[in-house]
**Student:** 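One structure, as structure tokens, below. Some questions next.
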Amino acid sequence: MKRRNETLVGLVLVLGVVTAVFGSLWLQGWEFGRTVETVEAVFSDVGQAAEGNAVKVRGVRIGRIDEVSVHPEGEFVQVVLRVDADVPRPPDAAVVLAPESMFGEWQAEIVSRSLYPHFQFLDPNEPDVLPGYALPDISRLTATADRISENLADLSDRIGIAFSEETAENLARTIQNVEGVSDRLTQLIEQQAATFDVLAARVEEATGEIGRAATASRTTFDHLSDLMATGEVEMLLTDVRDVAEGLQSLTQEATTTTSEFQKMAVRAESTFARVDRILGAAEDGEGTLGRLLNDPTLMNEVEATLVQLQLLLEDVRENPRRYLRLSIF
Amino acid sequence: MTIQLDDLHKSFGQKHVLRGFSLEVRDGETLTVLGPSGSGKSVMLKHIVGLLTPDRGQVLVDGQNVGELEMNDLYDLRRKVGYVFQLAALFDSLSVADNVGLGLHRVGGFREDQIRERVRECLHLVDLEGFEDRFPAELSGGQKKRAGLARAIATKPKYLLYDEPTTGLDPLTKAVIDQLILKMRQELGVTGLVITHDMESAYRVSDRIAMLYEGRRRFLGTPDEIRGTEDPVVRAFIEGDPQYLERRETTVEEAS
Amino acid sequence: MTTRLLAPFTWLGSHGLSMTQGLGNWGSLITDTVRALRHVDVWGRLLLPQLARIGVDSIPIALFIATFTGIVLALQASYTFTGAIPLYFVGVLVGKTMIMELGPVLTGLALAGRIGANVAAEIGSMKVTEQIDALETLAYPPNAYLVVPRVLAGVIMFPAVTILAIGMGITSGWVTSLQLLDMSTPQFVRGLTLFFFPFDVWFAIIKATSFGLVVTLVGCFYGFHTTGGAEGVGRSTTKAVVVSSMLILVLDAFWAVLLL
């Protein structure tokens, strides 16, 4: 009886410990009986990636994220990956962090850097560390759009300051870009429309707005050259207001999709209110149009945000599901 | 060195059970404390092994004040005092042998075979040989009492406290138990303190008899003295006649 | 005059006393038990039978409950998710709820009934038949003899039994997913591993340990405070089960607030 008790108690305890330890390890994604090694990568930002997320090569899971920590000097994020040692990695390996599915969990994919020339990988200082880049997610897309509108508003602010032919050209080019981007977004959404009709319709509407806004601003800048000669100030101002309204309604559109957008919309609205005020002031004849647009740094920033937007759109094209999760939650 | 109770007071809530009880048990004697049920006999007994502590007064066992002992000293003292419980209080989950041997395990320093030998000896003393492997549930009332006695004497105590040893037994078994109490004194030389309300048994086993009444000692004397006492309370008790007190009161009134 | 001035203090004192008496009883049980830990010679050889009784003998009921919980979780999850959320989320739900909540709590409640009642009834009947006094007279500290082995066995075995129950629940959920929900093993495992953190297992172990402590302590407490014969034993048993079940739920919330 006593011997039997001893055996049973021992058995239960051992079984409990074994279940707990091996169960946890297995659920954490340990691959028993494989040789693993750790790989380090650096990122300027890791999005939603966290310890325990999958590491993949060409879509196949080969390990997990072991550690995520901000560099002591706070300049970048170090991520340690635990991966199978016997899976070959490309010579110019880089790590891309991206959402794994539409439910919020992320993954780290080891890719060949040359395949993604436009990704802004963070270059490491040490030889064995891989460069990394985290894809922006939907909230950053909207944040970018927000920044563009803010910059445009800023631009309008500057209208009161100076104007030169060169900056006018810059502006014209920028607006052209906006138009190009929105065209592509429209195409893209049309492609996806069949699959994701509800949301897509909404986004399509929104991109239509961008398109309209861009066209309007295009007109503005078509007029811009005339403007120098004819001084059709009033017409220009009407057009710029059109741009502003277009973007405003786009932002309002976004508001209906998530609460994340709401904060942004409030900001955007106040921005546009400011634009209106300044335009009103311009109409009243305060300042000269020539002084409005002579700040190249502003231009550059608008350009930079547009590049980001373009990257994002490319990503949307490649992984549409990533961005269309809003309809589910 | 003996058991000495001085002016013992004990209350439970509003119930004042002991109100200045004093008693001295002499070395080697068997002293019986009589008293009606609920008069506080068991309470008094529990003070001696420190299961209860007095509100006032003190209990001295071999000169040590039980109520003020440290836990370890109290445990040492308890080894000198065997306690035979009213319903034996055998551990249901242990065999008779394990029950009897339990105290020895606690004392320590014995080998298993020594303990077995001692258990056999004790069971022999109470005429329970061959019952080692039985469980308490398989014993009769008298056998349980004897097993309880065997457990109490296993550690060779100097004192034995008997809590109503014969209550609830048939006359024959009562006689057996009484003989055992006498045997303990004769063969082991233990000092005994018996509490009971059974007069027959008290006369048989006692060197002296005391009576606890309303929390105080009402009487103390030899069995012969108690037979001849004129104290109406004691007489009512030993004659088992509740009317005695009333009748006597009327007689006294009439006489005056 | 003085008495009237002192009246509030008297009132406070007497009410405070009666209110703290219960707490005091608990306190003395706990301190006595902690002190009794040093009597290894007393409780050492009593631990094994308690480990067997509290742990091993509880395994059938724990596994039984876990099996059916796993089945129900899988079916309900699929019922809720179908059409809206990919089915591999069945794995997420079964895994998360079994590990973090239902495994520890249902096992705890089942064992509160089994162990709490058993301990309270056993100690209670020992109390009313003077066996606890008898222990004292044999120089055994009752806490070392009765409480320590039971509480230690509870603290050691509850987590082990809970872990096995969790394993069983997940396994039954998995089998249900394969047999009744047309899911594949990789799908189920994907869900299982998706949001798993090692902390989840610690959380379960911490909960189960505290449940083991509470169930055995409450059983001992009501056992020791039993008065009034067989009826009293019955009362203590009921109280022990009710109070330990309630404390399990309170502790469950407490750990969730503290650790999540």
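What you see is a predicted model, and the numbers here were worked out from it, not measured in a lab. Numbers restart at 1 for each chain; the letters A, B, ... are given by sequence-line order, proteins then strands.
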**Student:** Should the heavy atoms of other residues, nucleotides or ligands under 6.0 Å from CG of A:Asp128 be counted, would the total exceed 12?
**Tutor:** no
**Student:** I need the residue from C:Leu192, C:Ile99, C:Thr162 with the largest number of non-hydrogen atom pairs under 4.5 Å to chain A.
**Tutor:**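 That would be C:Leu192.
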**Student:** May I ask you to check whether over 12 heavy atoms, not counting those of C:Phe64, lie within 6.0 Å of atom CZ?
**Tutor:**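 No - once you tally the heavy atoms of other residues, nucleotides and ligands closer than 6.0 Å, there are 12 at most.
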**Student:** Return the CG to CD distance between A:Asn5 and C:Gln50, rounded to the nearest 0.5 Å.
**Tutor:** 10.5 Å
**Student:** Grab the two heavy atoms, one from C:Thr193 and one from A:Trp26, that are nearest each other, plus how far apart they are.
**Tutor:** CG2-O, 4.2 Å
**Student:** With a 4.5 angstrom heavy-atom cut-off, is it the side chain or the backbone of C:Leu51 that approaches chain A, or both, or neither?
**Tutor:** both
**Student:** Give a yes or no on whether C:Gln179 atom CD has more than 12 heavy-atom contacts from other residues, nucleotides or ligands under 6.0 Å away.
**Tutor:**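 Not more than 12 within 6.0 Å, no.
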**Student:** A:Ser24 vs C:Trp202, test: side-chain contact (heavy atoms from CB on, under 4.5 Å). Steps then yes/no.
**Tutor:** CA-CA 10 Å; A:Ser24 314; C:Trp202 282 115; over 6 Å; no
**Student:** Provide the full list of salt bridge (charged side-chain N to carboxylate O under 4.0 Å, His left out) pairs with a residue in residues 192-215 of chain C, sequence neighbours left out, each pair given once.
**Tutor:** C:Lys96-C:Asp200, C:Glu101-C:Lys207, C:Lys207-C:Asp252
**Student:** Looking at every non-hydrogen atom in both residues, tell me the closest pair between C:Ile163 and A:Ala20 and how far apart they are.
**Tutor:**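 For C:Ile163 and A:Ala20, the tightest heavy-atom pair comes out as CG2-N, 3.7 Å.
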**Student:** How long is the gap from CG on A:Asn53 to CZ on C:Phe195, to the nearest 0.5 Å?
**Tutor:** 9.0 Å
**Student:** side-chain contact (heavy atoms from CB on, under 4.5 Å) for A:Leu13 and C:Met157? Distances and angles first, verdict last.
**Tutor:** CA-CA 7 Å; A:Leu13 287 174; C:Met157 295 312 273; 3.6 Å; yes
**Student:** Find the one option among C:Ile166, C:Leu164, C:Ile170, C:Val201 whose heavy-atom pairs under 4.5 Å with chain A are most numerous.
**Tutor:** C:Leu164
**Student:** Can you run down the salt bridge (charged side-chain N to carboxylate O under 4.0 Å, His left out) pairs that involve residues 71-83 of chain C, sequence neighbours left out, and say none if there aren't any?
**Tutor:**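 Sorted pair list comes back empty.
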